[in-house]
Amino acid sequence: MAEKDFISWHLLALFFLPFCLCQDEYMEVSRRSYKPVAKVLQSHHQTGHKGSRRNHGNNGNNGATGQEGAKGEKGDKGDMGPRGERGHHGPKGEKGYPGIPPELQVAFMASMATHFSNQNSGIIFSSVETNVGNFFDVMTGRFGAPVNGVYFFTFNMMKHEDVEEVYVYLMHNGNTVFSLYSYESKGKADTSGNSAVLKLAKGDEVWLRMGNGALHGDHQRFSTFAGFLLFETK
């Protein structure tokens, strides 16, 4: 019986011996295969050296200009801004031209409100609208020059319906300067006018003289005589 047991254990030992030897080789191979992996893992945990800082690169070129966008809608009117400060006082201006002295302020205008038919006589006007300086004589119908100078005169006359023609003369110290003539058949009115620029000496007189015919006069004042000083002469 003892011999039988011995043989049984001996066979069992022979059976497990290859298995144990294989297990040892497997462990040895496993140790060898894991060792490099550990080294690799260990190397991955090591920190590398910090690199040196390089210079900043140049700025790039400006890009192309984009297309203009669509015009936006008009905005609301803004609030009125605060009042600005008062500006600085400006420089003094240049001296102006002297005004016209009273003796050179000369102008008149007379009109006829009634008919006039005194032939070959000075025309008397029934109304004087303007007489600056009072150099036009209402009683005689004559203008007297207050200073040496150049004067402007103008007159307009309406023919009376009862006559066919009218002659009126502009007089300067008794001399005829020029004439006015108006013609129209009886029963019809007609108007004519004329103007003159005269160089007068102080004290010279200018007036209108009636020739043939008759003049119409009413409240509408179709017949007028006017004049004024343009400038003084030496």
Side-chain angles (χ1 to χ4, degrees), residues 95-234:
K95 186 177 181 180
Y97 294 102
I100 300 175
E103 62 271 17
L104 299 181
Q105 297 178 16
V106 181
F108 75 92
M109 189 188 78
S111 62
M112 189 177 296
T114 59
H115 302 322
F116 187 85
S117 59
N118 296 339
Q119 298 183 6
N120 298 317
S121 64
I123 298 176
I124 305 299
F125 293 87
S126 56
S127 178
V128 177
E129 283 73 22
T130 303
N131 195 7
V132 179
N134 292 318
F135 299 110
F136 180 79
D137 191 335
V138 180
M139 301 302 296
T140 62
R142 297 190 178 195
F143 169 78
V147 295
N148 298 336
V150 177
Y151 295 78
F152 175 81
F153 298 95
T154 183
F155 58 99
N156 294 276
M157 299 294 158
M158 175 176 280
K159 179 189 76 67
H160 196 278
E161 297 87 344
D162 292 342
V163 299
E164 291 185 346
E165 60 181 12
V166 168
Y167 281 94
V168 175
Y169 305 98
L170 179 67
M171 308 298 295
H172 174 207
N173 291 340
N175 299 316
T176 300
V177 178
F178 51 66
S179 305
L180 175 150
Y181 176 73
S182 177
Y183 175 84
E184 184 59 79
S185 58
K186 290 184 179 181
K188 296 182 179 181
D190 184 62
T191 58
S192 295
N194 216 332
S195 301
V197 176
L198 302 178
K199 184 177 181 180
L200 305 179
K202 182 178 180 179
D204 285 355
E205 289 185 331
V206 177
W207 73 95
L208 295 177
R209 182 174 67 86
M210 183 71 189
N212 297 329
L215 298 175
H216 176 86
D218 60 20
H219 67 283
Q220 299 185 72
R221 315 294 174 89
F222 291 107
S223 300
T224 60
F225 179 35
F228 54 86
L229 173 65
L230 291 174
F231 54 86
E232 183 183 16
T233 60
K234 302 298 183 182

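Only heavy atoms go into these numbers, but all of them, side chains included; no hydrogens, no water, no symmetry mates.
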Handout entry: Donor-acceptor pair, side chain of S223 and main chain of M158, under 3.5 angstrom
Key = yes

Exercise for the section: Would you check if the side chain of T233 reaches a backbone N or O of G149 as a donor-acceptor pair within less than 3.5 Å? Expected result: yes

Practice task
State, yes or no, whether a side-chain contact exists between S127 and R221 at a heavy-atom distance under 4.5 Å.
Solution key: yes

Problem - Heavy-atom closest contact (A145 atom, Y151 atom, distance) - result: CB-OH, 3.7 Å

Completion exercise
Heavy-atom closest pair (G122 atom, W207 atom, distance to 0.1 Å) is CA-CD1, 4.2 Å

Completion exercise
Shortest non-hydrogen pair, G213 vs Q119, comes out as N-NE2, 3.4 Å

Practice task
List the steps and the verdict of ring-ring contact (aromatic ring centres under 6.0 Å, His included) for F116 and F125.
Solution key: CA-CA 9 Å; F116 187 85; F125 293 87; 8.1 Å; no

Fill in the blank from the handout: Heavy-atom nearest pair, T224 first then M157, reads O-CE, 3.6 Å

Handout entry: Step-by-step side-chain contact (heavy atoms from CB on, under 4.5 Å) determination, M112 to L215
Key = CA-CA 9 Å; M112 189 177 296; L215 298 175; 3.8 Å; yes

Problem - Close side-chain approach of E205 and T140, heavy atoms under 4.5 Å - result: no

Practice task
Report yes if some heavy atom in the side chain of K234 is under 4.5 Å from a heavy atom in the side chain of N148; otherwise report no.
Solution key: no

Problem - side-chain contact (heavy atoms from CB on, under 4.5 Å) assessment of I123 paired with F225 - result: CA-CA 10 Å; I123 298 176; F225 179 35; over 6 Å; no

Exercise for the section: Work out which heavy atom in L229 is nearest to a heavy atom in V150; give both atom names and the distance. Expected result: CD1-O, 3.5 Å

Practice task
Quick one: list whatever passes ring-ring contact (aromatic ring centres under 6.0 Å, His included) with F152, sequence neighbours left out.
Solution key: F228

Problem - F153/F143 under ring-ring contact (aromatic ring centres under 6.0 Å, His included): CA gap, chis, key distance, verdict - result: CA-CA 10 Å; F153 298 95; F143 169 78; 5.7 Å; yes

Exercise for the section: Starting at NE2 of H219, measure out to OG of S111 and round the result to the nearest 0.5 Å. Expected result: 12.0 Å

Handout entry: Distance in Å, Y167 OH paired with L180 CG, rounded so as to fall on 0.5 Å steps
Key = 10.5 Å

Handout entry: Interatomic spacing from CG in L170 to CG in L198 - rounded to 0.5 Å
Key = 6.0 Å

Handout entry: Main-chain N/O of A113 paired with S126 side-chain donor or acceptor, under 3.5 Å
Key = yes

Exercise for the section: Could you tell me the separation between the CG atom of N173 and the CZ atom of R142, rounded to the nearest 0.5 Å? Expected result: 9.0 Å

Problem - P146 vs E103 side-chain heavy atoms within contact, under 4.5 Å - result: no

Completion exercise
For M139 and I124 the tightest heavy-atom approach is O-CD1, 3.3 Å

Practice task
Using the side-chain contact (heavy atoms from CB on, under 4.5 Å) rule, take D162 and H115 through it: C-alpha gap first, then chi angles, then the decisive distance, then the call.
Solution key: CA-CA 11 Å; D162 292 342; H115 302 322; over 6 Å; no

Practice task
Might you work through the side-chain contact (heavy atoms from CB on, under 4.5 Å) test for T191 and N156, ending with a clear yes or no?
Solution key: CA-CA 7 Å; T191 58; N156 294 276; over 6 Å; no

Practice task
Describe, in one word, how the ring planes of H160 and H216 are oriented to each other, choosing from parallel (under 30°), tilted (30 to 60°) and perpendicular (over 60°).
Solution key: tilted

Exercise for the section: Enter the distance from Y181:OH to D190:CG here, rounded to the nearest 0.5 Å. Expected result: 9.5 Å

Problem - Distance (rounded to the nearest 0.5 Å) between N212 CG and E165 CD - result: 6.5 Å

Handout entry: Pairwise side chain to side chain donor-acceptor pair (under 3.5 Å) hits with a residue in residues 192-203, at least two apart
Key = T154-S195

